[in-house]
Amino acid sequence: DLSDKLVNMLNSLRKKGKLTKEDIDKFLKNLKMVLLASDVGFDVVRVFIKDVRKKLEEANIEKSISPVDQLTKIVYDEMREILGQPVPLKLKPGKLTQILLVGLQGSGKTTTAGKLAYYIKKKLRKSPILVAADTYRPAAAQQLRTLANEVDAGFYSMVKEDGTLDIDGYKKFIRGTLYDVAIIDSAGRMHVDEELMEEIKQLHEALQPDYVFLVADAMLGQEAVDIADAFHKALPISGVILTKVDGDTRGGAALSLRYVTGVPIYFMGMGEKVDALEPFDPDEISARILD
Amino acid sequence: FSSIQVMSEDERDELLAFLIKADFGVMLAEELLDIVEEYPPEEREMRLRTLLASYLPPKPEPIKIASEPPTVYYFFGVNGVGKTTTIAKFAHILKKRGKVMVIGADTFRAAATDQLGLWAEKVGVDAHLGERGADPSSVIYTGVEKAKARGYDFVLVDTAGRMSTKKNLIEELKKMERVVKKVVPDAPHESFLVLDATQGQAAFRQAKTFMEAVQVTRIILTKLDSTAKGGFIFSIWKELGLPIAFLSFGQELDDWVEYSPSVILDNLFG
Ligand SMILES: Nc1nc2c(ncn2[C@@H]2O[C@H](COP(=O)(O)OP(=O)(O)OP(=O)(O)O)[C@@H](O)[C@H]2O)c(=O)[nH]1
Ligand SMILES: Nc1nc2c(ncn2[C@@H]2O[C@H](COP(=O)(O)OP(=O)(O)OP(=O)(O)O)[C@@H](O)[C@H]2O)c(=O)[nH]1
Ligand SMILES: [Mg+2]
Ligand SMILES: [Mg+2]
């Protein structure tokens with residue numbers, strides 16, 4: 001198992017005392033393999049290793065008396081810095097805040113919409129409405145409506161009988177209500193599907209939401225880099241919500257998403273139930289990526 | 001003399017990038033590069049392609065049909081990989097070969113059976129759908145009993161997504177496997193583990209965990225219409241010997257092909 005290799009290497013370095021340039025090169029090579037095994041994007045790993053090497057040089061690690069502790073600290077600090085801090089969800093006081101959820105098929109958007117509504121009711125003590133905007137998936141609106149009932153949030157569907165979206169109908173409707181937050185759940189789409197990427201741009205243009213969250217599966221592999229890049233170029237992504245963190249993935253996609261988009265990871269989904277949404281924890285994710 | 005041509009660090013890193021970005025995983029990528037490195041530079045890419053072909057499962061035996069109906073197929077996997085949608089595709093094909101029933105045994109997720117029910121309607125097959133909150137094993141038991149009594153040829157069982165890390169959900173799947181044997185002793189005749197091509201190395205761990213718990217006969221790989229290559233299937237074949245049945249390239253009923261090594265290789269080198 002690769003991360004044991006890293007631990008063993010650090011222990012043998014500890015016995016050595018001072019580190020040579022060769023020791024550092026060998027360590028960085030092992031670190032690279034650990035990060036790749038954790039599903040961090042290949043190009044992201046390249047940049048990360050380069051940055052760590054630079055920090056080690058700046059810290060004059062070869063002259064250090066306790067180099068292994070310093071080495072470990074530098075790696076963890078660099079990881080945590082990239083992953084960033086959790087950011088609170090700020091709502092517009094006295095006005096409607098619109099949140100648009102976008103992402104790949106099956107990433108967890110609809111479930112996350114329910115979780116966000118629960119969070120907004122329970123933690124922020126505000127009134128949310130769930131808005132269905134998925135015209136493709138069978139029973140998508142039903143799924144969202146069920147969640148709305150479960151968390152006691154409002155529900156509205158933009159989906160017309162003919163399978164198109166009635167955005168004007170929604171705008172008219174929402175103006176006549178007193179909801180604090182509208183969470184709009186969109187259909188899953190591939191970042192390489194030009195037609196669907198164009199569609200989400202148009203939906204975004206029509207709604208002008210305050211937040212656009214990219215809902216991304218924590219289990220994503222190398223694809224996370226391309227997904228982040230495509231969505232980030234197509235829309236003004238405000239943040240990421242990482243789902244299915246309760247699986248056994250090491251979560252390297254989190255690092256790729258952060259590197260490529262530069263936006264904060266707001267929340268992480270920790271299970272299937274509506275209360276399984278927590279503020280992003282960079283310490284937990286760095287520990288998983290590096291272990 | 002060609003063995004003197006050592007692969008440069010940059011060259012090796014380029015090939016490593018190619019394999020890693022295809023989600024091969026570090027272990028297998030390094031192993032493949034150690035082999036390829038031994039060949040002269042001008043031969044390396046071709047050698048890699050031949051080597052990869054040898055690391056793939058061959059075209060598998062046709063899917064098992066029961067000696068007497070119904071033939072029962074199980075579909076399971078983690079959340080959101082495409083189980084329900086894949087069942088719709090199977091139902092669409094199998095209805096030409098016999099009477100098909102789909103069983104909605106995802107009694108947990110919101111609108112799970114509604115989703116399957118709508119697909120069944122669209123495809124034109126019958127559905128036995130469990131009540132939300134019911135025990136999935138009893139839904140399967142009643143459904144398969146009904147299928148046997150009414151002469152259905154194929155029964156496709158949809159299950160709830162479950163993280164392989166959740167012991168109680170894995171136990172639930174074991175029970176679902178045991179219970180059906182009371183009605184049809186040889187069932188399930190095929191047990192499909194559905195894996196999402198956009199996943200990373202967790203897919204391998206899922207395969208391992210599910211195989212340790214229940215029978216897993218074949219893999220179905222979905223979402224190959226992304227740019228993901230699903231390279232983890234190479235180590236799944238190498239370490240776990242699990243063949244692949246079906247490759248899914250989209251959300252529509254005919255967005256799939258039967259597995260063949262050339263599809264994977266063309267997608268990889270495409
Ligand atoms: N274990 C776990 N499951 C999750 C989490 N978030 C979502 N899910 C599950 O993932 C599956 C897919 O969730 P959906 O909400 O339907 O995903 P979606 O993005 O809306 O899917 P599409 O609309 O088809 O694109 C469901 O089984 C959810 O219960 C999570 O944080 N943990
Ligand atoms: N692009 C693409 N989307 C797919 C593919 N297969 C399934 N999907 C989509 O992925 C989403 C999830 O599919 P489901 O069939 O609900 O997945 P599931 O495994 O049954 O999900 P849970 O029951 O919630 O665990 C849906 O939007 C499907 O249309 C595929 O091959 N390509
Ligand atoms: Mg959805
Ligand atoms: Mg399903």
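The structure presented is a predicted model; accordingly, all values stated were derived computationally and were not measured. Letters go in sequence order (proteins before strands), and every chain restarts at 1.
- The minimum heavy-atom distance between B:V26 and A:A37, with the atom names listed, is CG2-N, 3.6 Å.
- Ranked by heavy-atom pairs under 4.5 Å with chain B, the list A:G271, A:G188, A:P138, A:A218 is led by A:P138.
- For A:R145, no part lies near chain B; criterion is any non-hydrogen pair under 4.5 Å.
- Using a 4.5 Å cut-off between heavy atoms, B:K223 contacts chain A through both its backbone and its side chain.
- Only the side chain of B:L169 comes within contact range of chain A, judged by heavy atoms closer than 4.5 Å.
- Of the listed residues B:R205, B:K166, B:E30, the one with more heavy-atom pairs under 4.5 angstrom with chain A than any other is B:R205.
- The two residues A:A139 and B:L118 make their nearest non-hydrogen contact at N-CD1, 3.4 Å.
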>> Run B:T165 and A:D246 through side-chain contact (heavy atoms from CB on, under 4.5 Å) and show every step you take.
In response: CA-CA 8 Å; B:T165 46; A:D246 53 308; 5.8 Å; no
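- For the pair B:M163/A:D248, no side-chain contact is recorded, criterion being any heavy-atom separation below 4.5 Å from C-beta on.
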>> Show, in sequence, the C-alpha distance, side-chain angles and deciding distance for B:R109 and A:E150, and conclude whether the salt bridge (Lys or Arg N to Asp or Glu O under 4.0 Å) test is met.
In response: CA-CA 12 Å; B:R109 206 204 71 207; A:E150 252 168 65; over 6 Å; no
>> Apply side chain to side chain donor-acceptor pair (under 3.5 Å) to residues A:Q142 and B:D114 and explain how you reach the verdict.
In response: CA-CA 8 Å; A:Q142 257 160 299; B:D114 296 285; 3.1 Å; yes
> Run the side chain to side chain donor-acceptor pair (under 3.5 Å) check on B:Q115 and A:Q143 step by step: do they pass?
Replying inline: CA-CA 9 Å; B:Q115 182 189 5; A:Q143 184 185 2; over 6 Å; no
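- In this structure, A:Q222 and B:I20 have side chains that are in contact, with non-hydrogen atoms separated by less than 4.5 Å.
- For a residue to count as touching a neighbouring chain, one of its non-hydrogen atoms must lie under 4.5 Å from one of that chain's; by this rule A:K109 does not touch chain B.
- The pair A:K32-B:D13 meets the salt-bridge criterion, since a charged nitrogen lies less than 4.0 angstrom from a carboxylate oxygen.
- Heavy-atom pairs under 4.5 Å with chain B peak, among A:V192, A:L220, A:T146, at A:L220.
- If you take CG on B:D225 and CG on A:D193, they are separated by 8.0 Å, rounding to the nearest 0.5 Å.
- Contact count against chain A (heavy-atom pairs under 4.5 Å) is highest for B:A17 among B:A202, B:A17, B:G25.
- Interface residue A:D226: only side-chain heavy atoms are found under 4.5 Å from chain B.
- A distance-only check finds a donor-acceptor pair linking the side chain of A:E223 to the backbone of B:T227 [under 3.5 Å].
- A:I227 does not touch chain B: none of its heavy atoms, backbone or side chain, sits under 4.5 Å away.
- Within the 3.5 Å criterion, the main-chain N or O of A:D43 finds no donor-acceptor partner in the side chain of B:K21.
- No part of B:L116 comes within reach of chain A, as not one of its non-hydrogen atoms sits under 4.5 angstrom from that chain.
- Contacts between B:F108 and chain A at a heavy-atom distance below 4.5 Å involve the side chain alone, from C-beta outward.
- Heavy-atom pairs under 4.5 Å with chain B were tallied for A:R46, A:R137, A:H191; the largest tally goes to A:R137.
- The 12-atom threshold is not exceeded at CD of A:E194, counting heavy atoms of other residues, nucleotides or ligands nearer than 6.0 Å.
- Atom OG in A:S107 sits 10.0 Å away from atom CG in B:D196 (nearest 0.5 Å).
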>> The test is side-chain contact (heavy atoms from CB on, under 4.5 Å); show your working for B:L19 and A:F42 and say whether it passes.
In response: CA-CA 10 Å; B:L19 292 171; A:F42 191 87; over 6 Å; no
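- Nearest heavy-atom pair across A:M219 and B:Q206 is SD-NE2, 3.3 Å.
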>> side-chain contact (heavy atoms from CB on, under 4.5 Å) for A:R250 and B:Q201? Distances and angles first, verdict last.
In response: CA-CA 9 Å; A:R250 308 245 302 252; B:Q201 299 309 302; over 6 Å; no
